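Naming convention: chains lettered A, B, ... in sequence-line order (proteins, then strands); numbering from 1 in each chain. The shown structure was predicted, so the numbers you read here are calculated from the model rather than taken from an experiment.
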Amino acid sequence: MTLNISKLSLTGTLVLIASLLLTACSETPRDPLRLASSPWPGYEPLYLARDLGYLGEDRVRLFELPSSDITMESFRNNSTDLATLTLDETLELIHDGTAMRILLILDISNGGDAVLAKPGIKDVQDIKGKRISIVNIPLGIYMLSRLLDSAGLERSDVEVFPMPESKQLAFYEKGKADVVITFEPVKTKLLEKGAHVIFDSSDIPNEIFDLLVVHEDVYQRRRDEICHVVNQWYRTLDYMQQNPEQAADAISKRLGVTPQDFIEMLDGIKLPSRKENINMLGTTSPGILEPAKKLNDIMVHEKQLMRHVDISSTLDMSFAECHEG
Amino acid sequence: MPRRLKYRFSALIPALLLVSSLLSGIIQFNVSVSQAHNEIRKQATERLQLDITRLQNILYNLITEGGLVDARLNLSVTAMDPSIQTLLLTNDNDIVILSNHYIWENSKAESISNYSNQLAHSVREHNRASVGFSDSNPMMLTGTYPVILQLENEQGVPRKNMGTLYAEVSIENEFAAERNEAISRSLILSAIMLGVAAIVALLLHLLLSRRLSHLTSAAEELAAGNLNVNVDLKGNDELTTLGDSFNDMVERIRQDISRRRKAEQDLRDFNESLEEAVNERTEQLEEAQQIAHLGNWHWDIMTSEVLWSNEVYRLLGYEPRSVTASYDLFIEHVHPDDIAIVKESIQKSLDTGVLYALDHRIRSADNIEKWVHSEGKAQYDKHDQPIAVSGTIQDITARKQAEQGLIAAKEEAENANLAKSLFLSRMSHELRTPLNAILGFGQVMQFDIKDENQKNYVTEILKAGDHLLSLIEDLLDLSRIESGRLTLSVRPLYINQIINESVRIVKPSSMEYDIQIINDCDTQACIIADSTRVKQILLNLLNNAIKYNRESGSIYIECKQQDTEFLRICVTDTGKGIDPENIQHLFVPFERLGVEHEGIDGTGIGLALCKQLIELMAGRIGVESIPDKGSTFWFELPLAPVDELPDSLGVTPEVAKAKGMRVLYIEDNLANLRVVEAIFSKFPELTLISATNGTHGIQLAQDYRPDKILLDINLPDINGFEVLKQFKEDERTRDIPVIAISADAMPLEIQKGLDAGLQDYLTKPIKLGALIDALKS
């Protein structure tokens, strides 16, 4: 009789295993990872990755937002899983209590962020009393602060109009601003309209970082897909290196500039390699901590942040060199 | 077998439960998936309606104010829903103004997605939205909504026109999630059912299977022969009753079995006694076979199985049952010379179904050659196919040896007799050749010698020679008969003609003894016989009648037609008769009944020869004798049928004078040639040309065209008949009469020669008279 019981349980087990296998085979196709981004040359490789089919629409969905402030908001209110953010935005979000991880340093601005002035304003000294349009994200304040520092002026010396970068061109064109603190591709478009650069991020190297961030919960749950995004990022950088013209053609269209413009834009940013990323985010003393602290100080000084934020716990190295499961 | 039932209870029923639970799981799954699908479609449609309507309003307000930038922001934010694949704002020319993909802006909407210009136009015209699931993809919801746009033209003047808001929403992920949930639910349900199945199995095991198992093992024990098995089941249900019934059954079986055992014992006893009887009979048969040296065998053709009785083994030199009996083994022991006939006999029996029987030799395993008598007969199935052969084999060596002895003795005797005949034949032939010369030259001398005394001597020599010749002729005939080499030329002939001729021949001799011959035979009857031989018999009887007659006695010849078949010819003398006890020895060769002392010459073979010849011609010969009165010798020959009478009466034609005749004699024997030369020298009117071989003879014949040709048959180069043939074929020699002369006077050959165109045929030694007669004719 023991034989019968064991036979029975064996049958049952087999049925269970078969059912489990069945489930495994038809595993829930998850919603794709949501990634929100806005126009900026340093973010463009993500779109290129999508258009090349590297990312895969069913795995990562890119939301094309018109301006960086919306991106930040969408990340803050969980409308997206990943977002491309500037370091200052990141600091603010962490400060405000958004649990997140920094996955990648997408680029370091080296001229891509700039202060443009209408003709007649020769240098930074001339901005006193002028109307200045700034992007309505912490970066705008930061750049203004650095501009004022270099000019030796006070905040009260200028009239400031914060707005999304998408509105800056029209604002300038209508003559509502004398100076525009912005970044690419608005910078190029302003140059076309006769504005000229009086100050840019190459004057303050290694201060403006653009990052890829992810919500903490997503980071915990969807590591495979995150790894996928990171790997495809580097893959796309390789593609751009090997096919600069095709890449420029594809990207410039989206930014509304000429391919040549885009190639020039690339001079204004630095795209860190995998190794540089590791150095900045990993090791015993990650390279990003120092600029982050400096930015943090300024932001506290500007009253943008109430206190210092320690970002070391959000730095992630596990995806710098990961393998998709 | 007993285990099956247990399975049925403990496993099959739970298994059925399990299967049904799985089935219900699957059904439940399908139902919930189908419900979820409908629900999702409904929800997605509602959500899209809500989203787009809101966007519609926002866009209307924004674009009216000319704020494309804010419109884009709103559209982008609205598109921050992964299920929204495509979101387009198009103008009245279906050009994309805003899109969730910036890159699509300013391009034709139709080229981007499933956007339909026609549908968009209709939507704009009727100012009514169109929402629905795509025909090609049921997971794709598309919506096309009218939007009022107030766009600035190039001059910056706002212009109002109708645009379209187009969205594509995929519900695939939602649906997949719902389906997975349904799978989980079904699995849980199945797991619960599995648990229930397990519990049912356990209960069945405790309530039914275990007790059934008791019953089963009891039944197994019973089957194994244990009659003391007893089932004790607890409870009060059908199984308990079954257990009690089982116990009752066991008790009954127990009684049954003891009864059957007794019956079986009785049967065994009976069988044993039967077996004993059979064994006894078998032994008797075995003994009988051994005594008779007779074995029997059976060959099953279908199985090739062969059964031998013990005696067959012994015949073949084996210990009984020491080897495997087989057809091939038997054939192996058959004497090599007999294998073919044995096989053939068996095959013939198989083919025809006839019993075969033959004597043949075998060589036994201990290498002794034996004669056996084999008999066998095939058996057939209903389709006439042989299925078996059975038969006997008997050792007949002893009988065979005796037979062999007899045959050998007979053969020996026959051989000796044959040797004697051959010897006689040779001797007589050899004797005749010198006699030829003696008689030939003797005859020639008669012409030359004038002195009376010398003439008498020659006459005596010739007489003795003639006697010797006839003796030799008789001997030759007898030996030919005995060796079976004598051939007769039997045909219808008139007997009185032969009698007349014979009487004429013996006339001189009878006159010498002053004996009168009275021929009372004037029949015109025709008999079937060889004329030469009949004459020989008649002459023999007549000569005897003369020799053994009294002084001045008489001989009386008469013919009597016995019946329709035979004619009897009687020759009666007036001699002193023959003793009855001697009559039986009369026809035995070389028996002369003591007359050899009475001064009458004879060989003692005459009558024996007559008897043989008569019998050869299907006749009979006999004698009746009254002592001191005389004897009557008779013989009977078959009468010829009336329609077979010969045409000619065979009257000898008038003898013509042979004047100025040229004769060619072809003869290789010089003695013979000289005899004929000597004869011819006495007749000046005859010219003799001679050749010693056939070729020369033919040549001479063609050159000289002789009037007659004498031809020896046994020529050194060409056979006499061949020479004759060539004469007949050649125009020059065709009409020349040819007379053959040969020592081998075989009647068949003579006839053959006569048929080929011979005028006459003379035998050696040449009788002068006969030769002259032949030449004159």
Does the side chain of A/Gln168 pick up a donor-acceptor pair with the side chain of A/Ser133 at under 3.5 Å?
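Result is yes, a qualifying pair exists.
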Please determine, among [options], the option with the most heavy-atom pairs under 4.5 Å with chain B.
| options | answer |
| --- | --- |
| A/Gly256, A/Pro66, A/Ala36 | A/Pro66 |
| A/Lys253, A/Glu73, A/Arg50 | A/Arg50 |
| A/Leu255, A/Leu65, A/Thr80 | A/Leu65 |

Tell me whether A/Arg131 contacts the main-chain N or O of A/Gly175 through its side chain, where contact means a donor paired with an acceptor under 3.5 Å.
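Side chain of A/Arg131 to backbone of A/Gly175, a donor-acceptor pair under 3.5 Å: yes, one is there.
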Between B/Phe175 and B/His37, what is the ring plane arrangement, given parallel below 30°, perpendicular above 60°, and tilted in between?
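Tilted, since the angle between the ring planes falls between 30° and 60°.
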is_close_aromatic(B/His101, A/Tyr47), centroid dist under 6.0 Å:
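No, they do not, as the ring centres are separated by 6.0 Å or more.
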Please identify, among B/Asp81, B/Leu75, B/Val77, the residue contributing the most non-hydrogen atom pairs under 4.5 Å to chain A.
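Of the options given, most contacts go to B/Asp81.
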One thing to verify: whether A/Glu92 and A/Arg76 come together as a salt bridge, which I'm taking to mean a side-chain N less than 4.0 angstrom from a carboxylate O.
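Here A/Arg76 pairs with A/Glu92 in a salt bridge, since their nearest N and O are under 4.0 Å apart.
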Need one label for [X]: side chain, backbone, both or neither, based on atoms under 4.5 Å from any heavy atom in chain B.
| X | result |
| --- | --- |
| A/Ala250 | backbone |
| A/Pro164 | neither |
| A/Asp51 | side chain |

Find out whether A/Glu173 and A/Lys189 are in side-chain contact, i.e. whether some heavy atom of one side chain is under 4.5 Å from a heavy atom of the other.
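Not touching, per the 4.5 Å side-chain cut-off.
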With a 4.5 angstrom heavy-atom cut-off, is it the side chain or the backbone of B/Leu87 that approaches chain A, or both, or neither?
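Looking at B/Leu87, nothing touches chain A.
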